2 protein chains.
Amino acid sequence: MTGMLKRSGRQFLGPLREKLRSPGGAIGKEVDAVLNRTKPRIGRGEIIAGPAFSGKQFAVLLEGLACMATRNDNGARQIYAFYYPGDFLALHDFLRPESREHIEIEALSNCSIGTINRDILERAIQRRPMLGQALWQAAMIEARIFRQRLVMARWPALQRVAHLLCEQRARLGAHERVIPLTQIDVADATGLSVVHINRLFQELRQLGVLSKQRTIKVVNKERLQELAAFDPGYLDPGEALSYWDLYIDD
Amino acid sequence: MTGMLKRSGRQFLGPLREKLRSPGGAIGKEVDAVLNRTKPRIGRGEIIAGPAFSGKQFAVLLEGLACMATRNDNGARQIYAFYYPGDFLALHDFLRPESREHIEIEALSNCSIGTINRDILERAIQRRPMLGQALWQAAMIEARIFRQRLVMARWPALQRVAHLLCEQRARLGAHERVIPLTQIDVADATGLSVVHINRLFQELRQLGVLSKQRTIKVVNKERLQELAAFDPGYLDPGEALSYWDLYIDD
DNA sequence: CGGCGGCTTGATTCGAGTCAAGAACCGTGG
DNA sequence: CCACGGTTCTTGACTCGAATCAAGCCGCCG
């Protein structure tokens, strides 16, 4: 479980070593070699990748929290998935850039990313067939995430929200209890209205699961996991949502 | 758009030539060479692949209609995706057979399938790297299908049902107007109750979209597409849901 | 000619949306 | 340091879509 880079106490200063969680083991050096890290910080709410990029460039999230989302005809945002440090972004349009879905990758907190040009990535894949298989796996993991969301879509609202919070906790790192989302974000990810989310949050506060502060802060994770029927093992290391596992040198 | 094999007027008698819709073009012969077609017919309601198979064997659907589904704790079935002739089944657990999700592939009509052993498929991938890339693409298409279902999950019920019917029409073949599903199947795929599905069907019959018979038969596809806000192009050839395109030699 | 799976119908309940308005908070600039 | 504007959060009243429960019906298959 990766977590924010700072959490481990190490700083994001030296070269990255990414280790792909794949049957083949670590191939991160390949990616490391072609990763362009000059990209500056990205502010919350900014679009990291969208139709405008159309498959010419890809990114790896280095710090922060981002999501994949679309906006429907009414302008309502729908969040499909969250991305955490180490995740590969926007792979979905590597093979078929000309999709008519208007998918965007949006920063939910301040982020920093590394980028890779399409042709460079292509060449890397040719040099290292394992990388291709790893990307296949990444796509299958993505499919699994969406399937999981489809399952959640049929749960009662409180459980849906609780489960989302459990996921965030698990992915942000067990020690980080503040979840950097707004109630609006949670609404857009669960498909519930903001008003209803707010009422559920109050219920969670009454139950002693969330703190009474404005920020989303879990103070009783056991109770939360009960409400969510959350199985911590469903994110076990071999199946983590994160395609990449970041290790920082000094 | 593939359709039932019979529709084209050709019979499913001779050798198959599968053509993968991939940037690389036809690699179906590779699959054809390793496909075991001795498997007999499978009856409606039977499980084609599930936990019991655990990644040792994979299948290609040759005839009929199947789905990927799970059952939740109450025994309720949830259908994630439909499979049509030419689709590769159960690829989802090729890389990680030990998933704890109890996904099953179930025949929704009488089906026939061809099978491939895991190790044979693995060797085929090594021989032909393009096949690996094709499977990557297949996984991305699957992810897209699920994403589409997530979008639909927020639509009003009538539109959701109408869209599902449009998809079936498009995939079964434009000339096949009877959709071989039960109202129960539609309920499990849309996440609505059977009772509600029934009422929506009556509404669709009143609107002159469905015939008054017991079978699900579309008699006014234009009206149906309007209700569904269905974009026929969203299944355009390059992006079809079907991984494989079947061609039959007499 | 049962019987069972699927379809139909009605009555009732309830979860969650919508609308509307106000309060708390945050960043920015004077 | 405070005033202002824009988000975000909160609360209340009302509505409505869809679930559930409970029967009864149809039609096919053995």
Side-chain angles (χ1 to χ4, degrees), chain A residues 41 43-46 65 72 74-79 106-110 152-165 178-206 210-217 227, chain B residues 43-46 65 72-79 106-110 152-165 178-206 210-217 227:
Chain A
R41 306 192 82 77
R44 186 193 136 170
E46 277 184 64
L65 179 59
N72 69 16
N74 320 321
R77 179 180 63 166
Q78 178 164 13
I79 295 177
E106 182 181 336
L108 292 176
S109 71
N110 294 332
M152 288 173 62
R154 305 205 183 169
W155 289 350
L158 184 64
Q159 187 179 352
R160 230 188 294 175
V161 171
H163 200 276
L164 185 69
L165 297 182
V178 172
I179 295 169
L181 294 175
T182 67
Q183 293 184 10
I184 298 172
D185 296 332
V186 176
D188 291 347
T190 55
L192 298 162
S193 70
V194 195
V195 174
H196 201 229
I197 291 291
N198 184 273
R199 290 183 172 129
L200 294 172
F201 272 30
Q202 290 174 51
E203 201 173 331
L204 289 172
R205 287 181 194 137
Q206 287 308 318
L210 292 183
S211 85
K212 310 255 177 190
Q213 302 150 0
R214 248 172 110 90
T215 53
I216 305 177
K217 183 172 178 180
L227 292 171
Chain B
R44 184 192 139 174
E46 279 185 61
L65 179 60
N72 69 17
D73 308 324
N74 320 321
R77 179 180 62 166
Q78 178 165 13
I79 294 177
E106 181 182 336
L108 292 176
S109 71
N110 294 332
M152 288 174 62
R154 305 203 184 170
W155 289 350
L158 184 65
Q159 188 178 352
R160 228 187 296 174
V161 170
H163 200 277
L164 184 68
L165 297 181
V178 173
I179 295 170
L181 294 174
T182 66
Q183 293 185 10
I184 297 171
D185 295 331
V186 176
D188 291 346
T190 54
L192 299 162
S193 69
V194 195
V195 174
H196 199 53
I197 291 291
N198 184 271
R199 289 183 173 128
L200 293 172
F201 272 30
Q202 289 173 51
E203 200 173 331
L204 289 172
R205 287 182 194 135
Q206 288 308 317
L210 293 183
S211 85
K212 310 255 177 188
Q213 302 150 0
R214 251 171 108 90
T215 53
I216 305 177
K217 184 172 180 181
L227 292 171

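These numbers come from a predicted model, not from an experiment.
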Does a side-chain heavy-atom distance below 4.5 Å link B:Leu200 with B:Arg160?
no
Could you tell me the separation between the CD atom of B:Gln183 and the CD1 atom of B:Ile197, rounded to the nearest 0.5 Å?
7.5 Å
Got a donor-acceptor contact below 3.5 angstrom from the B:Asn110 side chain to the B:Arg44 backbone?
yes
Verify the contact: side-chain N or O of A:Asn198 to OP1 or OP2 of D:dC9, cut-off strictly under 4.0 Å; return yes or no.
no
Donor-acceptor pair, side chain of A:Glu46 and main chain of A:Gly43, under 3.5 angstrom
yes
Whether A:Gln202 contacts D:dT11 is assessed here as follows: a side-chain N or O lying under 4.0 Å from the phosphate OP1 or OP2. Is that the case?
yes
Just compare D:dT20, D:dG27, D:dA18 and give me whichever is closest to any side-chain atom of B:Arg214.
D:dG27
Within residues 182-191 of chain B, find the residues that approach DNA chain C with a heavy atom at under 4.0 Å, and present them sorted by residue number.
B:Thr182, B:Gln183, B:Ile184
Indicate whether OP1 or OP2 belonging to C:dG6 is found under 4.0 Å from a side-chain N or O atom of B:Arg44.
yes
Whole-Å gap separating P (C:dG15) and CD (A:Glu203)
10 Å
C:dG15 C1' sits how many Å from A:Ile197 CD1, rounded?
13 Å
For C:dG10, does the base pair up with any side-chain atom of B:Arg199 as donor and acceptor (N or O, under 3.5 Å, distance only)?
yes
Is there a donor-acceptor pair closer than 3.5 Å between any side-chain N or O of A:Thr215 and the backbone N or O of A:Lys217?
no
Rounded distance in Å - CZ (B:Arg77) to P (C:dG5)
14 Å
Measure from CZ on B:Phe201 to C1' on C:dT8 and round the result to the nearest Å.
13 Å
Between A:Asp185 and A:Thr182 (side chain of the first, backbone of the second, donor and acceptor by atom type, cut-off under 3.5 Å), is there such a pair?
yes
Which comes earlier along DNA chain C counting from the 5' end, the contact point of A:Leu158 or that of A:Val195, where each point is its nearest nucleotide?
A:Leu158
Residue-phosphate contact under 4.0 Å: A:Arg205 side-chain N/O, D:dT10 OP1/OP2:
yes
